[in-house]
Amino acid sequence: MSGIYIHIPFCKQSCHYCDFHFSTTFKGYRDRMIAALCREIELQKHFLNTPLETLYFGGGTPSLLTAEEVKQIIKTVRNTFDASALKEITLEANPDDLSETQLHGLYDAGINRLSIGIQSFFDEDLQYMNRAHNSEQALRCVALAKQAGIENISIDLIYGFPGLTDDKWQRNLDAAIAMGVSHISSYAMTVETGTALSQHILKGKSPALDDEQSIQHFKMLQGALNAAGFMHYEISNFALPEKISQHNSAYWKGKKYLGIGPSAHSFDGGKRYWNVSNNMRYILEIEQNKVPAESEEITNGTAYNEYLLTGLRTIWGVEDTAIKAFGEQCANTFYEEVQVYLKSGMVLYTDGKFTLSDDGKFIADRIASDLFVLSEK
Ligand code: SF4
């Protein structure tokens, strides 16, 4: 089973914290980009050799596409791959794009799951982030989506930034739970090099981010969503029963996926590929029937490190049998280094499986990197 990710590299405006690949000046080549995405799907028809289970429109801002454009891309996917098992088609959306007409169009085009970038229900926070929507649109979009027939809805929230007091964060969590969504993704704000936020902090226009505040907000997030019946199945992801993201879970479990579009990544089980992060170069190459991608072989050591990095973030954890299958060097490193975390209670061991405790989740990446192998002999 496998999944396809389609990267839509357009945004209305640039959120101050974002370092994803997108352009805000795309009107002159929009049609060529849609045609190139469809052409790349056809060029990559041999990449997947198992039936397609999930399709995910990410970005960028896929909700800037018209329903007709979404339909055209889905049709191309269905005509190119074995889509008989395709069950989850997600589209990332921003609240300001979700009019009644757009939502009905997306539903008719085949979208059965939305991931909506709400981030906060407070206008001053949305302005701080330079989001294009306002709190009224944030509050209204989920009900509109449900009325249009899309029931499987995830929302994104951000915490740990200046101005988001504990009280406001609690009110964001309460509002999110009250909306009746089935999935919530929530991330601590981070400062990425080259973003407007990093410049604002450097120039003293914004206070630096506060790690203690992020930890406190993460605890509040866990408490509120656990109490509301959500399963904390990945560090940043919470779902009601049966509502985990099938697409993202497949990444975390190391399954194959194909990425379409500028900057999209793919994995075929042995090699990782990434497309050029430049819209015009992407279009020009695809128009000559070439996929502008670089690739690297995944060594055994890298595969082991990635297994730890993603596995430990999930409720599925990492398993004895899988660790041993990476060979003696990886297994020896793991069992030696994990002892300290088992003793401290940060890592738990049950039925052949290692998972992180709630305290361990605060330092998941540090634990994983302490268990990494640096190089293979
Ligand atoms: S809408 Fe999303 S992809 Fe676009 S700039 Fe904002 S966070 Fe980044």
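First listed ligand is number 1; within each ligand, the first listed atom is number 1.
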Classify the angle between the aromatic ring planes of [X] and [Y] as parallel (below 30°), tilted (30 to 60°) or perpendicular (above 60°).
X	Y	answer
Tyr233	His183	perpendicular
Phe26	Phe10	parallel
Tyr159	Trp169	tilted

Checklist entry - Can Glu124 and Lys168 be counted as an ion pair, charged N to O under 4.0 angstrom? => result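 The answer is yes: the pair qualifies as a salt bridge.
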Next on the checklist: Under 2.8 Å from atom 6 (Fe) of ligand 1, which protein N, O or S atoms do you find? Ignore water molecules.
Outcome noted: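 Sorted hits: Cys15 SG.
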Next on the checklist: Is the terminal nitrogen or CZ of Lys45 (NZ for Lys, CZ for Arg) located under 6.0 angstrom from the six-membered ring centre of Phe81 and within 45° of that ring's axis?
Outcome noted: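 Here Lys45 fails the 6.0 Å and 45° test against Phe81.
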Next on the checklist: Quick check with a 6.0 Å cut-off and a 45 degree axis cone: is Lys353 positioned over the face of Trp316's six-membered ring?
Outcome noted: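 Because its charged atom misses either the 6.0 Å distance or the 45° angle limit, Lys353 does not stack over Trp316.
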Item to check | Ligand-residue contact atoms, ligand 1 with Tyr17, heavy atoms, under 4.0 Å | outcome: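 Counting from 1, the qualifying ligand atoms are 7 (S).
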Checklist entry - Who's the nearest protein heavy-atom neighbour of atom 3 (S) of ligand 1, and how far? => result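 Sorting protein heavy atoms by distance from atom 3 (S) of ligand 1 puts Gly60 N, 3.3 Å first.
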Checklist entry - Name the one of Thr76, Ile8, Ile41 that satisfies side-chain contact (heavy atoms from CB on, under 4.5 Å) with Ile260? => result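 Between Ile260 and the candidates, side-chain contact (heavy atoms from CB on, under 4.5 Å) is satisfied uniquely by Ile41.
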